[in-house]
Amino acid sequence: MRKVRFICSTLTYQLLLLFLIILKTVSSKEEETKNFYIVYLGDGPLSQASAARKHLSLLSSVKASEHDAKESMIYSYTKSFNAFAAKLSKDEAEMLMEVDEVVCVLPNRYHKLHTTKSWDFIGFPQTAKRNLKLEKNIVVGMLDTGITPQSDSFKDDGFGPPPHNWKGTCHHFQNFSGCNNSIYSKLVGAKYFKLDGNPDPADILSPIDVDGHGTHTSSTLAGNLVHNASLFGLAKGTARGAVPSARIAIYKVCWVSSGCADMDILAAMNDAITDGVDVISISIGGATEDFVTDSISVGAFHALKKGIITVASAGNDGPSLGSLSNNSPWLLTVAATGIDRQFRSAVKLGNGQSFSGIGINLFGANEKFYPIVSGADVSMNAGSKELARFCYGNTLDPAKVKGRLVYCMLGQFDADSVVKGIGGIGTVVESEQYLDTARIFMAPATVVNMTVGETIDKYIHSARSALAVIYGSHEVKVSAPFAASFSSRGPNPGSQHLLKPDIAAPGVDILAAFTLMNSLTGLKGDTQHSKFTLMSGTSMACPHVAGVAAYVKSFHPTWTPAAIRSAIMTTAKPMSRRVNKDAEFAYGAGQLNPTKAINPGLIYDMDEMSYIQFLCHEGYSGSSIAHLVGTKSINCSSLLPGFGYDALNYPSMQLNMKNGKQQSVGVFMRRVTNVGPALVYNATIKAPKGVEITVKPKSLIFSRSLQKRSFKVVVKAKPVASTAFTVLSASLVWKSTRHTVRSPIVIYTLQD
């Protein structure tokens, strides 16, 4: 059963608080927009004006009049692909589907949003080798909540004119004075998309970033060097992006209240492709696991056809298995990892016991002891006692809370806001979720695990006058990298043949630029504002990888999206499955390794037809994938079949084991291109017990650059005892005197 995903919302305090509201909001939005549809047509030799007229003509054929058609027309996609968005009844949508020129009709859906330390941690120092002549002509396209142009991260100092082939625009809007300098600019493009015509009361119809998410991701990817950046002294250092000399084009598609609509995402990708971006970064969740109906997947395929790589976040539904989104083979899907830094704040009880909690507490309660009570004991009345233990709003008695710390069970995410709002001093929150991620509080607070929580609760109920103090946050060093608990996991819900996520990158407690138009938590009553903040989520990991994709492209401007993805994946640092029990389903090929990615030795390359062959192999009908190619239908039977078990020349391999007594066998056909000097590569296989892997030939001899060589990998796995989930990790490494080219091989079983 397909389920809609509402990720990759950043794991900030604000969005976790709104989780249940988001589910309801998205559901209601789908009801409100049930009459919005996107109609795809075949790619024909039409001018933009002719295509727009054709769209209106087709729409008129199912409407009572041309006037009604004009009223119903929302948007014509005429630049990079041929489609239009319109307000239709279900019957009208079905009638259009019968028209010869129409390839498919899909309903509009809404999606949700998914540093000083991180770049150095993954071995990418400020002194890393750069090709500044090309880097300054790279334009990264950000689909997000907008941008804060006045931020130091986006100053124009030292920038020349935009690249000569850049076609994007940047105008004056409300609260947005255009790109900083129209002639010499870091920010070279800024647009917003709100095609449903319903203004967001919490946002501004402008590329300006009211939320802060887009500013944070943009500065992580391509922000200038900003010295002494910090969050009120925490995480102090030099904030910078992967490619500080690159330009940024922002496409605002996500809105504070209404999320990110399919038709807005497609309109933005349509423009980004035509404007001439080199990389697209999108920290937004897919609404479906289907490769051919999700708007991000469809838009990314059209970008691929123009040589543009799209990097997308895997989602924040972890650690649930099979929870990731943005799972198409032409997307570079990014998981989140933690770095060797964590923010903790201690709580000390009146009996002298101290405990270390996690969280960003900028207050410290003046480091003074206050009475501490349990939420269950200060309820408004007997009827609200059960909810009061979680510190829900309108359940606590203000008279019993005023001037006290409150212990709240099971991690009610707005507990500090609720307590502060009725006169309390702060909170100790018990939670078993996301204890590797520090969220920002708007009052003195910390998060402790269940064991510590029970100890605190016993103290409260045993002491004659229970007291506690919450200290301000401090930085501690931890073992890393590790897969973030929130990061969505594989296996790929869209295909048992394709390993996702592809790669992992820092996404926990990342410091980057922020907006002053929003408080740090976004909660009512929060008066904390900062030009920089700490955020967590695969939303933060995604721009790390998109930035490295831009970095690779600055050295290899002619490489295909598949080649860039291959370089990033095969040079990744392997991660330990002893630390991460979900193994490659949590971190893909491993931790991002930027400096190695520019010189990978060998690449696994593909063109768009390879993906079409893969879709046919996966069982998609010719008509269901026609809108990707731009024709009415594709005859899958007439195409040369993709080779091997997965029909794809991918840098990773995945075999789904059959339950029972039979041995599982997968034959993978691969072809690599030498992008280095003449060398000999020898194969090394690592396989766990019960798995046999052979590769033929065992050596690849290259006498020149760009030479191609093919090989076959056979994976045989013995049956395993029937369990709900088994994952076995193996690898194929091609090694020369200069390069190590590693491909993860995953063998798994997952019962329904």
Side-chain angles (χ1 to χ4, degrees), residues 29-30 32-44 46-63 66-89 92-93 96-97 99 101-111 141 143-144 146 167-169 171 173 189-200 203 205-207 249-255 258-275 280 282 284 287 293-303 627 630:
K29 278 292 170 186
E30 289 182 340
E32 292 170 13
T33 61
K34 63 184 178 182
N35 289 330
F36 288 114
Y37 288 84
I38 301 165
V39 182
Y40 292 90
L41 286 74
D43 292 341
L46 296 175
S47 65
Q48 291 184 26
S50 298
R53 287 195 295 271
K54 183 65 176 177
H55 297 167
L56 185 60
S57 174
L58 287 171
L59 188 53
S60 297
S61 69
V62 299
K63 293 290 184 180
E66 184 173 320
H67 173 76
D68 287 348
K70 288 180 178 179
E71 289 289 314
S72 301
M73 180 67 75
I74 302 298
Y75 192 82
S76 281
Y77 306 93
T78 60
K79 297 177 181 178
S80 305
F81 46 90
N82 191 9
F84 65 89
K87 196 169 186 179
L88 302 168
S89 68
E92 289 168 341
L96 274 174
M97 193 60 234
V99 177
E101 295 96 329
V102 174
V103 172
C104 70
V105 181
L106 298 175
N108 178 60
R109 290 178 295 260
Y110 279 79
H111 305 242
L143 274 67
D144 218 298
K167 302 180 183 67
T169 58
H171 300 295
F173 300 96
K191 300 177 181 180
Y192 72 88
F193 300 85
K194 194 75 171 67
L195 300 182
D196 63 10
N198 300 318
D200 190 321
D203 215 320
L205 288 175
S206 161
I250 190 73
Y251 302 87
K252 182 173 177 176
V253 297
C254 296
W255 303 83
S258 53
C260 326
D262 277 340
M263 55 188 178
D264 294 337
I265 292 170
L266 281 170
M269 296 190 89
N270 184 39
D271 276 14
I273 294 166
T274 306
D275 290 345
I280 293 174
I282 183 163
I284 301 170
T293 60
D294 179 68
S295 62
I296 296 172
S297 180
V298 171
F301 191 88
H302 287 284
H627 61 294

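Sequential numbering from 1 along the given sequence is applied to the chain's residues.
Between atom OH of residue Tyr110 and atom OG of residue Ser258 there is a gap of 6.0 Å, rounded to the nearest 0.5 Å. Atom CG in Leu96 sits 11.5 Å away from atom SG in Cys104 (nearest 0.5 Å).
When all heavy atoms are compared, the tightest approach of His55 to Asn82 is NE2-OD1, 2.6 Å. Closest non-hydrogen pair, Ile280 versus Ala303, comes out as CD1-CB, 4.1 Å. Smallest separation of non-hydrogen atoms from Asn108 and Ile38: OD1-CD1, 4.5 Å. The two atoms that bring Ala52 and Thr78 nearest to each other are N-CG2, 4.0 Å, heavy atoms only. Across every non-hydrogen atom of Tyr251 and Gly141, the tightest pair is CE1-CA, 4.1 Å. In plain terms, the two heavy atoms of Ile284 and Cys254 that are nearest each other are CD1-SG, 3.3 Å.
Under the 4.5 Å side-chain criterion, counting only non-hydrogen atoms from C-beta, Val253 is not in contact with Asp144. At a threshold of 4.5 Å between non-hydrogen side-chain atoms, the residues Asp203 and Lys252 count as touching. Within the 4.5 Å cutoff, no side-chain heavy atoms of Val62 are placed close to those of Val99. Here the side chains of Leu88 and Leu59 are in contact, with some heavy-atom distance below 4.5 Å.
Electrostatic pairing of Lys194 and Asp196 counts as a salt bridge here, judged by a charged N lying under 4.0 Å from a carboxylate O. With salt bridges taken as basic N to acidic carboxylate O contacts below 4.0 Å, none links Lys79 and Asp275. Salt bridge status for Arg109 with Asp262: present, with a side-chain N to carboxylate O gap under 4.0 Å.
The closest donor-acceptor contact from the side chain of Ser297 to the backbone of Asp294 lies at 3.5 Å or more, if one exists at all. With Trp255 contributing its side chain and Phe193 its backbone, the two residues share a donor-acceptor pair below 3.5 Å.
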Subject >> Full working for side chain to side chain contact (heavy atoms under 4.5 Å, CB included) between Leu266 and Tyr77 >> reply: CA-CA 8 Å; Leu266 281 170; Tyr77 306 93; 3.7 Å; yes

Original post:
Given the rule in the side chain to side chain contact (heavy atoms under 4.5 Å, CB included) test, do Asp264 and Leu195 qualify, once you have shown the distances and angles that lead to the verdict?
Top reply: CA-CA 6 Å; Asp264 294 337; Leu195 300 182; 3.1 Å; yes

**OP:** Determine, stepwise, if the pair Ile296 / His111 fulfils side chain to side chain contact (heavy atoms under 4.5 Å, CB included).
**Re:** CA-CA 10 Å; Ile296 296 172; His111 305 242; 4.1 Å; yes

Subject >> Met73 and Phe84: CA distance, side-chain angles, deciding distance, side chain to side chain contact (heavy atoms under 4.5 Å, CB included) verdict >> reply: CA-CA 8 Å; Met73 180 67 75; Phe84 65 89; 3.9 Å; yes

Original post:
Going through the checks in order, is the salt bridge (Lys or Arg N to Asp or Glu O under 4.0 Å) test met by Lys191 and Asp271?
Top reply: CA-CA 9 Å; Lys191 300 177 181 180; Asp271 276 14; 3.2 Å; yes

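Relative ring orientation between His627 and Tyr40 is described as tilted, the plane-to-plane angle lying within the 30° to 60° band.
Side-chain contact annotation: Lys63 with Ser72, donor-acceptor N/O pair under 3.5 Å present. Side-chain contact annotation: Ser60 with Ser57, donor-acceptor N/O pair under 3.5 Å absent.
Proximity of the aromatic rings of Phe173 and Tyr192 is defined here by a centroid distance below 6.0 angstrom, and this criterion is met.
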